[in-house]
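For reference, the structure is listed below as C-alpha coordinates.
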Number of protein chains: 2
Amino acid sequence: MPIRLLNKLQQFSPLTENDRLFLRAAAERRRLMLRAGEEVIAEGERPTAVFLFLEGWAYRYKTLDDGRRQILAFLLPGDLGDPDEPPEREMDHSIATLTPVTLAELAREDLERIAGGHPTLAEALSWETLARGAIQREWTLNVGRRTALERIAHLLCELFARLAAVGLTQGSACALPLSQAELADATGLSAVHVNRVLQQLRSDGLVRLHDRRMELPDLTALQQVAKFNPAYLHLHYRRARPDAEDLPVA
Amino acid sequence: MPIRLLNKLQQFSPLTENDRLFLRAAAERRRLMLRAGEEVIAEGERPTAVFLFLEGWAYRYKTLDDGRRQILAFLLPGDLGDPDEPPEREMDHSIATLTPVTLAELAREDLERIAGGHPTLAEALSWETLARGAIQREWTLNVGRRTALERIAHLLCELFARLAAVGLTQGSACALPLSQAELADATGLSAVHVNRVLQQLRSDGLVRLHDRRMELPDLTALQQVAKFNPAYLHLHYRRARPDAEDLPVA
DNA sequence: GCACACACTTAACCTGCGTTAGATGCGAAT
DNA sequence: ATTCGCATCTAACGCAGGTTAAGTGTGTGC
(Lines give C-alpha, C1' and ligand atoms only; values in the text may rest on other atoms or scores of the structure.)
Protein backbone atom coordinates (compact mmCIF):
# COMPACT_ATOMS: atom_id res chain seq x y z
CA MET A 1 0.00 0.00 0.00
CA PRO A 2 1.49 3.35 -1.02
CA ILE A 3 2.35 5.91 1.66
CA ARG A 4 0.70 8.82 -0.03
CA LEU A 5 2.08 11.22 2.50
CA LEU A 6 5.38 10.79 0.67
CA ASN A 7 3.87 12.22 -2.51
CA LYS A 8 3.19 15.46 -0.75
CA LEU A 9 6.38 15.63 1.27
CA GLN A 10 8.57 15.21 -1.77
CA GLN A 11 7.11 18.35 -3.24
CA PHE A 12 8.49 20.29 -0.32
CA SER A 13 12.00 18.93 -0.06
CA PRO A 14 13.74 16.11 -1.88
CA LEU A 15 13.77 13.17 0.51
CA THR A 16 16.55 10.65 0.62
CA GLU A 17 15.90 6.97 0.11
CA ASN A 18 16.78 6.63 3.78
CA ASP A 19 14.03 9.08 4.77
CA ARG A 20 11.50 7.21 2.69
CA LEU A 21 12.43 3.85 4.13
CA PHE A 22 12.29 5.15 7.67
CA LEU A 23 8.80 6.60 7.25
CA ARG A 24 7.58 3.49 5.48
CA ALA A 25 8.87 1.30 8.30
CA ALA A 26 7.35 3.54 10.97
CA ALA A 27 4.01 3.32 9.17
CA GLU A 28 4.09 -0.45 9.16
CA ARG A 29 4.46 -1.22 12.82
CA ARG A 30 0.86 -0.63 13.81
CA ARG A 31 -1.98 -0.71 11.33
CA LEU A 32 -5.63 -0.10 12.03
CA MET A 33 -8.46 -0.98 9.70
CA LEU A 34 -11.84 0.58 10.34
CA ARG A 35 -15.20 0.23 8.67
CA ALA A 36 -17.25 3.15 7.40
CA GLY A 37 -19.01 5.13 10.10
CA GLU A 38 -16.67 4.26 12.96
CA GLU A 39 -15.12 6.65 15.44
CA VAL A 40 -11.35 6.95 15.17
CA ILE A 41 -11.10 8.96 18.36
CA ALA A 42 -13.71 10.83 20.35
CA GLU A 43 -13.74 14.22 22.03
CA GLY A 44 -12.31 13.93 25.52
CA GLU A 45 -10.07 10.96 24.76
CA ARG A 46 -6.30 11.21 24.86
CA PRO A 47 -4.51 10.28 21.67
CA THR A 48 -1.77 7.76 22.34
CA ALA A 49 -0.27 7.66 18.88
CA VAL A 50 -0.26 9.84 15.79
CA PHE A 51 -2.57 8.76 13.00
CA LEU A 52 -1.37 8.58 9.43
CA PHE A 53 -4.24 8.02 7.03
CA LEU A 54 -3.34 5.57 4.29
CA GLU A 55 -6.60 4.80 2.55
CA GLY A 56 -10.19 5.96 2.73
CA TRP A 57 -11.84 9.15 3.97
CA ALA A 58 -12.43 10.40 7.50
CA TYR A 59 -13.51 13.71 9.02
CA ARG A 60 -12.92 15.85 12.07
CA TYR A 61 -16.00 17.31 13.73
CA LYS A 62 -17.52 19.00 16.75
CA THR A 63 -21.11 18.92 17.90
CA LEU A 64 -23.31 21.13 20.05
CA ASP A 65 -25.54 19.64 22.74
CA ASP A 66 -28.66 19.84 20.63
CA GLY A 67 -27.12 17.84 17.82
CA ARG A 68 -25.93 20.55 15.48
CA ARG A 69 -22.71 19.32 13.95
CA GLN A 70 -19.87 21.06 12.18
CA ILE A 71 -17.38 19.13 10.12
CA LEU A 72 -14.03 20.85 10.57
CA ALA A 73 -11.90 19.02 8.04
CA PHE A 74 -11.75 16.01 5.81
CA LEU A 75 -8.89 13.60 6.29
CA LEU A 76 -7.69 12.08 3.03
CA PRO A 77 -5.05 9.48 2.25
CA GLY A 78 -1.68 11.02 3.03
CA ASP A 79 -2.97 13.19 5.85
CA LEU A 80 -1.66 13.14 9.39
CA GLY A 81 -3.89 13.27 12.44
CA ASP A 82 -2.54 15.64 15.04
CA PRO A 83 1.17 15.12 15.01
CA ASP A 84 1.96 17.61 17.72
CA GLU A 85 -0.70 16.71 20.20
CA PRO A 86 0.94 15.58 23.39
CA PRO A 87 -0.72 12.49 24.83
CA GLU A 88 -1.73 14.27 28.03
CA ARG A 89 -4.08 16.60 26.17
CA GLU A 90 -7.70 15.69 25.71
CA MET A 91 -9.13 15.88 22.22
CA ASP A 92 -11.41 18.88 21.82
CA HIS A 93 -13.13 17.27 18.83
CA SER A 94 -13.78 13.85 17.33
CA ILE A 95 -12.67 12.00 14.21
CA ALA A 96 -14.81 9.42 12.42
CA THR A 97 -14.64 7.49 9.15
CA LEU A 98 -16.74 8.02 6.04
CA THR A 99 -15.54 4.94 4.18
CA PRO A 100 -13.49 1.93 5.21
CA VAL A 101 -10.19 3.41 6.36
CA THR A 102 -6.71 2.05 6.78
CA LEU A 103 -4.41 4.02 8.98
CA ALA A 104 -1.04 3.66 10.61
CA GLU A 105 -0.42 4.59 14.20
CA LEU A 106 2.96 6.23 14.35
CA ALA A 107 4.77 5.77 17.64
CA ARG A 108 5.89 8.96 19.28
CA GLU A 109 9.42 7.61 19.56
CA ASP A 110 9.55 7.22 15.80
CA LEU A 111 8.45 10.80 15.37
CA GLU A 112 11.08 11.94 17.80
CA ARG A 113 13.67 9.98 15.88
CA ILE A 114 12.54 11.82 12.75
CA ALA A 115 12.94 15.13 14.53
CA GLY A 116 16.40 14.06 15.60
CA GLY A 117 17.86 12.23 12.64
CA HIS A 118 15.90 13.14 9.53
CA PRO A 119 15.93 16.92 9.19
CA THR A 120 14.43 17.21 5.73
CA LEU A 121 11.69 14.78 6.64
CA ALA A 122 11.04 16.76 9.81
CA GLU A 123 10.92 19.98 7.84
CA ALA A 124 8.47 18.52 5.37
CA LEU A 125 6.27 17.24 8.18
CA SER A 126 6.16 20.62 9.85
CA TRP A 127 5.19 22.09 6.49
CA GLU A 128 2.25 19.69 6.54
CA THR A 129 1.21 20.90 9.97
CA LEU A 130 1.21 24.48 8.81
CA ALA A 131 -0.83 23.63 5.75
CA ARG A 132 -3.41 22.06 8.04
CA GLY A 133 -3.71 25.32 9.96
CA ALA A 134 -4.07 27.28 6.75
CA ILE A 135 -6.87 25.01 5.59
CA GLN A 136 -8.70 25.53 8.87
CA ARG A 137 -8.48 29.29 8.43
CA GLU A 138 -9.79 29.03 4.88
CA TRP A 139 -12.75 27.02 6.19
CA THR A 140 -13.56 29.74 8.68
CA LEU A 141 -13.63 32.21 5.81
CA ASN A 142 -15.64 29.82 3.69
CA VAL A 143 -18.38 29.31 6.23
CA GLY A 144 -18.33 32.90 7.45
CA ARG A 145 -18.33 34.93 4.29
CA ARG A 146 -19.06 32.88 1.19
CA THR A 147 -22.53 32.25 -0.23
CA ALA A 148 -23.95 28.73 -0.32
CA LEU A 149 -22.97 28.28 -3.96
CA GLU A 150 -19.45 29.52 -3.36
CA ARG A 151 -19.05 27.33 -0.29
CA ILE A 152 -19.94 24.10 -2.00
CA ALA A 153 -17.90 24.97 -5.06
CA HIS A 154 -14.96 25.88 -2.87
CA LEU A 155 -15.11 22.66 -0.93
CA LEU A 156 -15.18 20.61 -4.10
CA CYS A 157 -12.21 22.52 -5.49
CA GLU A 158 -10.24 21.94 -2.32
CA LEU A 159 -10.96 18.22 -2.21
CA PHE A 160 -10.01 17.83 -5.84
CA ALA A 161 -6.75 19.72 -5.39
CA ARG A 162 -5.78 17.76 -2.30
CA LEU A 163 -6.55 14.44 -3.93
CA ALA A 164 -4.57 15.48 -7.00
CA ALA A 165 -1.59 16.20 -4.77
CA VAL A 166 -1.47 12.57 -3.68
CA GLY A 167 -2.25 11.07 -7.06
CA LEU A 168 -5.86 10.15 -6.39
CA THR A 169 -7.56 11.92 -9.27
CA GLN A 170 -8.40 10.32 -12.59
CA GLY A 171 -8.50 13.00 -15.23
CA SER A 172 -11.10 15.51 -14.11
CA ALA A 173 -12.73 13.03 -11.74
CA CYS A 174 -12.15 11.78 -8.23
CA ALA A 175 -13.92 10.04 -5.37
CA LEU A 176 -16.52 11.93 -3.36
CA PRO A 177 -17.93 9.59 -0.73
CA LEU A 178 -20.02 12.28 0.98
CA SER A 179 -23.75 12.42 1.46
CA GLN A 180 -25.49 15.73 0.99
CA ALA A 181 -26.02 15.84 4.75
CA GLU A 182 -22.28 15.61 5.26
CA LEU A 183 -21.64 18.33 2.69
CA ALA A 184 -24.13 20.41 4.65
CA ASP A 185 -22.33 19.90 7.95
CA ALA A 186 -19.02 20.83 6.34
CA THR A 187 -20.35 24.06 4.85
CA GLY A 188 -22.70 25.24 7.58
CA LEU A 189 -25.78 24.75 5.40
CA SER A 190 -28.88 22.57 5.56
CA ALA A 191 -29.06 19.35 3.58
CA VAL A 192 -32.00 20.64 1.58
CA HIS A 193 -30.12 23.70 0.49
CA VAL A 194 -27.08 21.66 -0.44
CA ASN A 195 -29.37 19.73 -2.72
CA ARG A 196 -30.56 22.94 -4.37
CA VAL A 197 -27.01 24.18 -4.86
CA LEU A 198 -25.85 20.89 -6.32
CA GLN A 199 -28.70 21.00 -8.81
CA GLN A 200 -27.50 24.38 -9.95
CA LEU A 201 -23.88 23.34 -10.24
CA ARG A 202 -25.01 20.37 -12.26
CA SER A 203 -27.26 22.36 -14.56
CA ASP A 204 -24.41 24.84 -15.08
CA GLY A 205 -22.26 21.94 -16.20
CA LEU A 206 -19.69 22.49 -13.47
CA VAL A 207 -20.12 19.27 -11.52
CA ARG A 208 -21.24 15.76 -12.33
CA LEU A 209 -22.01 13.28 -9.60
CA HIS A 210 -22.52 9.56 -9.83
CA ASP A 211 -21.55 6.55 -7.88
CA ARG A 212 -19.88 8.39 -4.99
CA ARG A 213 -17.57 10.11 -7.42
CA MET A 214 -17.47 13.62 -8.84
CA GLU A 215 -16.34 14.96 -12.16
CA LEU A 216 -15.40 18.59 -12.65
CA PRO A 217 -15.61 19.14 -16.41
CA ASP A 218 -14.54 22.78 -16.20
CA LEU A 219 -12.28 23.20 -13.20
CA THR A 220 -11.31 26.77 -14.07
CA ALA A 221 -14.92 27.89 -14.18
CA LEU A 222 -15.69 26.14 -10.91
CA GLN A 223 -12.71 27.80 -9.26
CA GLN A 224 -13.98 31.16 -10.42
CA VAL A 225 -17.41 30.50 -8.97
CA ALA A 226 -15.75 29.46 -5.70
CA LYS A 227 -13.24 32.31 -5.68
CA PHE A 228 -10.78 29.49 -5.08
CA ASN A 229 -7.12 30.36 -4.74
CA PRO A 230 -5.08 27.22 -4.15
CA ALA A 231 -2.23 29.17 -2.52
CA TYR A 232 -3.56 28.45 0.97
CA LEU A 233 -3.03 24.74 0.49
CA HIS A 234 0.71 25.34 0.28
CA LEU A 235 0.97 22.25 -1.86
CA HIS A 236 3.94 23.40 -3.79
CA TYR A 237 7.15 24.20 -2.10
CA ARG A 238 8.92 27.34 -3.05
CA ARG A 239 12.23 28.21 -1.49
CA ALA A 240 12.61 31.89 -0.80
CA ARG A 241 13.24 33.55 -4.10
CA PRO A 242 16.79 34.77 -4.22
CA ASP A 243 16.26 38.52 -4.21
CA ALA A 244 18.25 40.76 -6.50
CA GLU A 245 20.65 41.79 -3.78
CA ASP A 246 21.48 38.20 -2.99
CA LEU A 247 22.49 37.34 -6.48
CA PRO A 248 26.09 37.62 -7.54
CA VAL A 249 26.49 40.17 -10.26
CA ALA A 250 26.41 38.22 -13.47
CA MET B 1 6.37 45.99 30.47
CA PRO B 2 5.16 42.56 31.59
CA ILE B 3 5.61 39.58 29.26
CA ARG B 4 2.08 38.29 29.56
CA LEU B 5 2.91 35.17 27.64
CA LEU B 6 4.64 34.03 30.81
CA ASN B 7 1.34 34.13 32.70
CA LYS B 8 -0.07 31.55 30.36
CA LEU B 9 2.99 29.39 30.03
CA GLN B 10 3.38 29.01 33.77
CA GLN B 11 -0.03 27.40 33.94
CA PHE B 12 1.25 24.62 31.74
CA SER B 13 4.58 23.82 33.33
CA PRO B 14 6.50 25.50 36.12
CA LEU B 15 9.20 27.56 34.46
CA THR B 16 12.57 28.15 36.00
CA GLU B 17 13.86 31.63 36.69
CA ASN B 18 16.35 30.90 33.93
CA ASP B 19 13.53 30.18 31.45
CA ARG B 20 11.81 33.41 32.34
CA LEU B 21 14.95 35.49 32.02
CA PHE B 22 15.76 33.96 28.65
CA LEU B 23 12.33 34.71 27.21
CA ARG B 24 12.33 38.20 28.65
CA ALA B 25 15.71 38.92 27.11
CA ALA B 26 14.66 37.50 23.74
CA ALA B 27 11.61 39.74 23.81
CA GLU B 28 13.69 42.83 24.40
CA ARG B 29 16.04 42.73 21.47
CA ARG B 30 13.64 44.05 18.86
CA ARG B 31 10.55 46.00 19.74
CA LEU B 32 7.95 47.37 17.37
CA MET B 33 5.35 49.97 18.22
CA LEU B 34 2.41 50.41 15.88
CA ARG B 35 -0.54 52.74 15.86
CA ALA B 36 -4.14 51.61 15.62
CA GLY B 37 -5.22 50.52 12.15
CA GLU B 38 -1.79 49.57 10.85
CA GLU B 39 -0.84 46.38 9.04
CA VAL B 40 1.55 44.15 10.95
CA ILE B 41 2.08 41.86 7.98
CA ALA B 42 0.14 41.43 4.77
CA GLU B 43 -0.94 38.39 2.80
CA GLY B 44 1.83 37.37 0.43
CA GLU B 45 4.67 38.73 2.57
CA ARG B 46 7.25 36.49 4.18
CA PRO B 47 7.55 36.77 7.93
CA THR B 48 11.16 37.29 8.95
CA ALA B 49 10.70 37.03 12.70
CA VAL B 50 8.09 35.66 15.08
CA PHE B 51 5.77 38.22 16.64
CA LEU B 52 5.08 38.24 20.34
CA PHE B 53 2.26 40.60 21.21
CA LEU B 54 2.96 42.55 24.38
CA GLU B 55 0.27 45.21 24.51
CA GLY B 56 -2.81 46.17 22.52
CA TRP B 57 -5.11 44.22 20.22
CA ALA B 58 -4.60 42.98 16.68
CA TYR B 59 -6.44 40.60 14.38
CA ARG B 60 -5.81 38.06 11.67
CA TYR B 61 -8.02 38.27 8.60
CA LYS B 62 -8.63 37.26 5.01
CA THR B 63 -10.61 39.10 2.38
CA LEU B 64 -12.36 38.14 -0.83
CA ASP B 65 -11.93 40.20 -3.98
CA ASP B 66 -15.22 42.02 -3.58
CA GLY B 67 -14.32 43.25 -0.11
CA ARG B 68 -16.00 40.67 2.07
CA ARG B 69 -13.74 40.19 5.07
CA GLN B 70 -13.49 37.45 7.66
CA ILE B 71 -11.62 38.03 10.87
CA LEU B 72 -9.97 34.72 11.76
CA ALA B 73 -8.64 35.45 15.21
CA PHE B 74 -7.91 38.19 17.68
CA LEU B 75 -4.37 38.58 18.91
CA LEU B 76 -4.20 39.68 22.54
CA PRO B 77 -1.29 40.52 24.81
CA GLY B 78 0.61 37.31 25.45
CA ASP B 79 -0.18 35.80 22.07
CA LEU B 80 2.40 34.62 19.60
CA GLY B 81 2.17 35.28 15.87
CA ASP B 82 3.02 32.21 13.87
CA PRO B 83 5.89 30.62 15.70
CA ASP B 84 6.37 27.74 13.32
CA GLU B 85 6.10 29.57 10.06
CA PRO B 86 9.33 29.16 8.17
CA PRO B 87 10.47 32.41 6.60
CA GLU B 88 10.28 31.03 3.08
CA ARG B 89 6.51 30.61 3.29
CA GLU B 90 4.24 33.40 2.15
CA MET B 91 1.52 34.52 4.51
CA ASP B 92 -1.90 33.32 3.38
CA HIS B 93 -3.62 36.01 5.44
CA SER B 94 -2.92 39.41 6.96
CA ILE B 95 -2.56 40.81 10.45
CA ALA B 96 -3.51 44.36 11.43
CA THR B 97 -3.83 46.34 14.64
CA LEU B 98 -7.03 47.48 16.34
CA THR B 99 -5.36 49.65 18.96
CA PRO B 100 -1.83 50.89 19.43
CA VAL B 101 0.23 47.74 19.72
CA THR B 102 3.62 46.92 21.15
CA LEU B 103 5.19 43.73 20.00
CA ALA B 104 8.50 41.96 20.17
CA GLU B 105 10.09 40.33 17.18
CA LEU B 106 11.67 37.12 18.35
CA ALA B 107 14.70 36.05 16.40
CA ARG B 108 14.54 32.57 15.01
CA GLU B 109 17.89 31.73 16.59
CA ASP B 110 16.44 32.53 19.98
CA LEU B 111 13.54 30.23 19.32
CA GLU B 112 15.92 27.52 18.25
CA ARG B 113 17.89 28.02 21.41
CA ILE B 114 14.67 27.56 23.35
CA ALA B 115 14.00 24.33 21.50
CA GLY B 116 17.52 23.19 22.32
CA GLY B 117 18.17 24.36 25.83
CA HIS B 118 14.86 25.10 27.53
CA PRO B 119 12.70 22.01 27.30
CA THR B 120 9.87 23.08 29.60
CA LEU B 121 9.68 26.43 27.88
CA ALA B 122 9.61 24.68 24.54
CA GLU B 123 6.88 22.36 25.75
CA ALA B 124 4.80 25.26 26.98
CA LEU B 125 5.23 27.10 23.70
CA SER B 126 4.10 24.11 21.69
CA TRP B 127 1.07 23.91 23.97
CA GLU B 128 0.32 27.47 22.92
CA THR B 129 0.51 26.53 19.27
CA LEU B 130 -1.96 23.74 19.77
CA ALA B 131 -4.35 26.00 21.62
CA ARG B 132 -4.26 28.36 18.66
CA GLY B 133 -5.37 25.54 16.37
CA ALA B 134 -8.15 24.56 18.75
CA ILE B 135 -9.43 28.13 18.80
CA GLN B 136 -9.51 28.22 15.03
CA ARG B 137 -11.58 25.03 14.97
CA GLU B 138 -13.99 26.47 17.51
CA TRP B 139 -14.39 29.54 15.32
CA THR B 140 -15.30 27.35 12.36
CA LEU B 141 -17.99 25.76 14.50
CA ASN B 142 -19.09 29.14 15.78
CA VAL B 143 -19.58 30.67 12.37
CA GLY B 144 -20.93 27.49 10.81
CA ARG B 145 -23.46 26.27 13.31
CA ARG B 146 -24.30 28.80 16.00
CA THR B 147 -27.08 31.40 15.75
CA ALA B 148 -26.23 35.09 15.69
CA LEU B 149 -26.95 35.46 19.41
CA GLU B 150 -24.83 32.47 20.29
CA ARG B 151 -21.97 33.62 18.09
CA ILE B 152 -21.65 37.03 19.64
CA ALA B 153 -22.07 35.65 23.14
CA HIS B 154 -19.48 32.99 22.42
CA LEU B 155 -16.95 35.47 21.10
CA LEU B 156 -17.34 37.68 24.16
CA CYS B 157 -16.91 34.68 26.46
CA GLU B 158 -13.75 33.65 24.65
CA LEU B 159 -12.22 37.10 24.76
CA PHE B 160 -12.99 37.45 28.44
CA ALA B 161 -11.49 34.06 29.26
CA ARG B 162 -8.34 34.71 27.28
CA LEU B 163 -7.84 38.12 28.83
CA ALA B 164 -8.40 36.64 32.27
CA ALA B 165 -5.66 34.10 31.58
CA VAL B 166 -3.13 36.89 31.21
CA GLY B 167 -4.41 39.06 34.03
CA LEU B 168 -6.16 41.67 31.92
CA THR B 169 -9.64 41.53 33.41
CA GLN B 170 -10.87 43.79 36.18
CA GLY B 171 -13.60 42.00 38.07
CA SER B 172 -16.28 41.16 35.54
CA ALA B 173 -15.00 43.76 33.08
CA CYS B 174 -12.32 43.98 30.43
CA ALA B 175 -11.32 45.96 27.36
CA LEU B 176 -13.28 45.50 24.13
CA PRO B 177 -11.79 47.80 21.50
CA LEU B 178 -13.96 46.44 18.67
CA SER B 179 -16.46 48.26 16.51
CA GLN B 180 -19.68 46.51 15.66
CA ALA B 181 -18.42 46.16 12.09
CA GLU B 182 -15.41 44.26 13.40
CA LEU B 183 -17.59 42.05 15.56
CA ALA B 184 -19.59 41.38 12.41
CA ASP B 185 -16.54 40.35 10.41
CA ALA B 186 -15.44 38.04 13.19
CA THR B 187 -18.79 36.30 13.43
CA GLY B 188 -19.85 36.19 9.80
CA LEU B 189 -22.78 38.55 10.38
CA SER B 190 -23.74 42.02 9.13
CA ALA B 191 -23.02 45.07 11.25
CA VAL B 192 -26.72 45.88 11.50
CA HIS B 193 -27.51 42.48 12.87
CA VAL B 194 -24.68 42.67 15.37
CA ASN B 195 -26.31 45.83 16.62
CA ARG B 196 -29.63 44.04 17.07
CA VAL B 197 -28.00 41.18 18.93
CA LEU B 198 -26.07 43.50 21.23
CA GLN B 199 -29.29 45.29 22.10
CA GLN B 200 -30.77 42.02 23.16
CA LEU B 201 -27.77 40.98 25.21
CA ARG B 202 -27.89 44.35 26.89
CA SER B 203 -31.60 44.25 27.63
CA ASP B 204 -31.15 40.74 29.02
CA GLY B 205 -28.56 42.14 31.39
CA LEU B 206 -25.80 39.91 30.07
CA VAL B 207 -23.49 42.53 28.63
CA ARG B 208 -22.76 46.17 29.33
CA LEU B 209 -20.71 48.23 26.93
CA HIS B 210 -19.18 51.63 27.41
CA ASP B 211 -15.98 53.34 26.57
CA ARG B 212 -14.47 50.48 24.53
CA ARG B 213 -14.88 48.16 27.48
CA MET B 214 -17.35 45.40 28.27
CA GLU B 215 -18.78 44.18 31.51
CA LEU B 216 -20.31 40.72 31.87
CA PRO B 217 -22.46 40.91 34.99
CA ASP B 218 -23.58 37.29 34.77
CA LEU B 219 -20.84 35.29 33.11
CA THR B 220 -22.46 31.93 33.82
CA ALA B 221 -25.69 32.96 32.11
CA LEU B 222 -23.79 34.35 29.13
CA GLN B 223 -21.82 31.14 28.80
CA GLN B 224 -25.06 29.19 28.76
CA VAL B 225 -26.48 31.37 26.02
CA ALA B 226 -23.26 30.88 24.06
CA LYS B 227 -23.00 27.15 24.76
CA PHE B 228 -19.47 28.07 25.76
CA ASN B 229 -17.20 25.34 27.00
CA PRO B 230 -13.79 26.75 27.86
CA ALA B 231 -12.08 23.37 27.45
CA TYR B 232 -11.05 24.17 23.88
CA LEU B 233 -8.89 27.04 25.07
CA HIS B 234 -6.67 24.55 26.89
CA LEU B 235 -5.80 27.29 29.32
CA HIS B 236 -5.25 25.01 32.24
CA TYR B 237 -2.69 22.34 32.14
CA ARG B 238 -3.66 18.93 33.31
CA ARG B 239 -1.18 16.14 33.40
CA ALA B 240 -2.69 12.82 32.45
CA ARG B 241 -4.82 11.74 35.36
CA PRO B 242 -3.32 8.75 37.05
CA ASP B 243 -5.93 6.14 36.31
CA ALA B 244 -7.04 3.69 38.92
CA GLU B 245 -4.85 0.91 37.60
CA ASP B 246 -1.79 3.10 37.77
CA LEU B 247 -2.21 3.90 41.42
CA PRO B 248 -0.50 1.84 44.05
CA VAL B 249 -3.01 0.04 46.22
CA ALA B 250 -3.49 2.27 49.23
C1' DG C 1 -16.60 77.10 15.93
C1' DC C 2 -17.21 74.20 12.01
C1' DA C 3 -16.50 70.31 9.04
C1' DC C 4 -15.66 65.75 8.63
C1' DA C 5 -15.32 61.03 9.49
C1' DC C 6 -17.01 57.21 12.04
C1' DA C 7 -19.63 54.54 15.16
C1' DC C 8 -23.96 53.50 16.58
C1' DT C 9 -28.89 53.23 16.01
C1' DT C 10 -33.44 52.51 13.92
C1' DA C 11 -36.85 51.33 10.48
C1' DA C 12 -38.67 49.20 6.30
C1' DC C 13 -38.15 45.91 3.32
C1' DC C 14 -36.31 41.77 1.20
C1' DT C 15 -34.19 37.21 0.36
C1' DG C 16 -31.26 33.29 1.04
C1' DC C 17 -31.57 29.72 3.36
C1' DG C 18 -33.90 26.74 7.02
C1' DT C 19 -37.76 23.77 8.30
C1' DT C 20 -41.11 20.44 7.68
C1' DA C 21 -43.03 16.88 5.34
C1' DG C 22 -43.51 13.68 1.78
C1' DA C 23 -42.38 11.12 -2.36
C1' DT C 24 -39.15 8.33 -4.83
C1' DG C 25 -35.42 5.24 -5.50
C1' DC C 26 -31.99 1.91 -4.25
C1' DG C 27 -28.82 -1.20 -1.88
C1' DA C 28 -28.29 -4.43 2.00
C1' DA C 29 -30.08 -7.78 5.00
C1' DT C 30 -33.04 -11.71 5.63
C1' DA D 1 -39.16 -11.12 -2.92
C1' DT D 2 -39.91 -8.16 0.90
C1' DT D 3 -38.59 -5.10 4.14
C1' DC D 4 -35.86 -1.69 6.12
C1' DG D 5 -32.94 2.08 6.14
C1' DC D 6 -30.88 5.69 4.02
C1' DA D 7 -29.96 9.16 0.35
C1' DT D 8 -31.90 12.08 -2.90
C1' DC D 9 -35.24 15.05 -4.39
C1' DT D 10 -39.36 18.35 -4.32
C1' DA D 11 -42.61 21.65 -2.70
C1' DA D 12 -44.67 24.98 0.55
C1' DC D 13 -43.87 27.88 3.92
C1' DG D 14 -41.42 30.68 7.34
C1' DC D 15 -37.85 33.36 9.41
C1' DA D 16 -33.17 34.79 10.67
C1' DG D 17 -30.47 37.76 9.14
C1' DG D 18 -29.06 40.89 5.02
C1' DT D 19 -29.65 45.34 2.64
C1' DT D 20 -30.58 50.03 2.11
C1' DA D 21 -31.11 54.28 3.84
C1' DA D 22 -31.45 57.75 7.11
C1' DG D 23 -30.75 59.98 11.42
C1' DT D 24 -28.02 60.86 15.65
C1' DG D 25 -24.20 61.33 18.41
C1' DT D 26 -19.20 62.22 19.24
C1' DG D 27 -14.37 62.86 18.79
C1' DT D 28 -10.72 65.11 15.77
C1' DG D 29 -8.49 68.33 12.92
C1' DC D 30 -8.48 72.84 11.29
Side-chain angles (χ1 to χ4, degrees), chain A residues 35-38 57 59 64 66-71 96-100 142-155 175-203 207-214 225, chain B residues 35-37 57 59 64 66-71 96-100 142-156 175-203 207-214 225:
Chain A
R35 281 163 305 173
E38 283 192 272
W57 287 41
Y59 64 105
L64 297 174
D66 57 9
R68 280 175 286 175
R69 179 177 70 159
Q70 178 67 42
I71 292 181
T97 61
L98 289 161
T99 68
N142 202 32
V143 168
R145 283 300 183 215
R146 273 189 258 255
T147 66
L149 185 70
E150 290 165 349
R151 283 184 220 182
I152 298 284
H154 194 275
L155 176 58
L176 187 76
L178 301 176
S179 72
Q180 294 180 0
E182 284 148 356
L183 282 171
D185 283 338
T187 49
L189 298 167
S190 71
V192 172
H193 202 60
V194 167
N195 185 284
R196 291 192 273 244
V197 167
L198 285 178
Q199 311 267 347
Q200 186 182 340
L201 287 172
R202 259 184 292 214
S203 75
V207 176
R208 271 144 66 180
L209 299 171
H210 21 237
D211 203 22
R212 309 196 94 194
R213 296 181 57 75
M214 68 169 169
V225 166
Chain B
R35 281 162 306 172
W57 288 41
Y59 64 105
L64 297 174
D66 58 8
R68 279 175 286 175
R69 180 178 70 160
Q70 178 67 42
I71 292 180
T97 61
L98 290 160
T99 68
N142 203 33
V143 169
R145 283 300 183 212
R146 273 190 257 255
T147 66
L149 185 69
E150 291 165 348
R151 283 184 219 183
I152 298 283
H154 194 276
L155 176 57
L156 299 183
L176 187 75
L178 301 174
S179 72
Q180 294 180 0
E182 284 148 356
L183 282 170
D185 283 339
T187 50
L189 298 168
S190 70
V192 172
H193 202 60
V194 167
N195 185 286
R196 291 193 273 245
V197 167
L198 286 178
Q199 312 267 347
Q200 186 181 341
L201 287 172
R202 260 184 292 216
S203 75
V207 176
R208 271 144 67 179
L209 300 171
H210 21 239
D211 203 23
R212 310 196 95 195
R213 297 180 58 75
M214 69 170 167
V225 167

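Computed from a predicted structure; not experimentally measured. Values below: every heavy atom of this structure, side chains too, minus hydrogens, waters and symmetry copies. All chains are named by letter (A, B, ...) in the order of the sequence lines, taking the proteins before the strands, and each is independently numbered beginning at 1.
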Nearest-0.5 Å distance, [atom1] of residue [X] to [atom2] of residue [Y]:
X	Y	atom1	atom2	answer
B/R69	B/Y59	CZ	OH	4.0 Å
B/L198	B/L156	CG	CG	7.0 Å
B/L178	B/I71	CG	CD1	7.0 Å
A/T187	A/L149	OG1	CG	11.5 Å
A/L176	A/L183	CG	CG	6.0 Å

Which sits closer to the 5' end of DNA chain D, B/V192 or B/V197, going by the nucleotide each is nearest to?
B/V197
D/dT8 phosphate, OP1 or OP2: any side-chain N/O from A/N195 under 4.0 angstrom?
no
Ordered by number, residues from residues 142-154 of chain A within less than 4.0 Å of DNA chain C (heavy atoms) are A/T147, A/A148
Separation of [X] atom [atom1] from [N] atom [atom2], in whole Å?
X	N	atom1	atom2	value
B/H193	C/dC13	NE2	P	19 Å
B/Q200	D/dA16	CD	P	11 Å
A/D66	C/dT19	CG	P	10 Å

Quick one: label B/R68 by what it contacts on the DNA or RNA (base, sugar-phosphate, nothing), any heavy atom closer than 4.0 Å.
nothing
Under 3.5 Å, side chain of A/R146 to main-chain N/O of A/R151, donor-acceptor pair present?
no
Would you say B/R68's side chain and A/R145's backbone share a donor-acceptor pair under 3.5 angstrom?
yes
A/R196 and A/H193: side-chain donor and acceptor closer than 3.5 Å?
yes
Among residues 178-190 of chain B, which residues get a heavy atom nearer than 4.0 Å to DNA chain D?
B/G188, B/L189, B/S190
Below 3.5 Å, does any donor atom in the side chain of A/R196 face an acceptor in the base of C/dG18, or the other way round?
yes
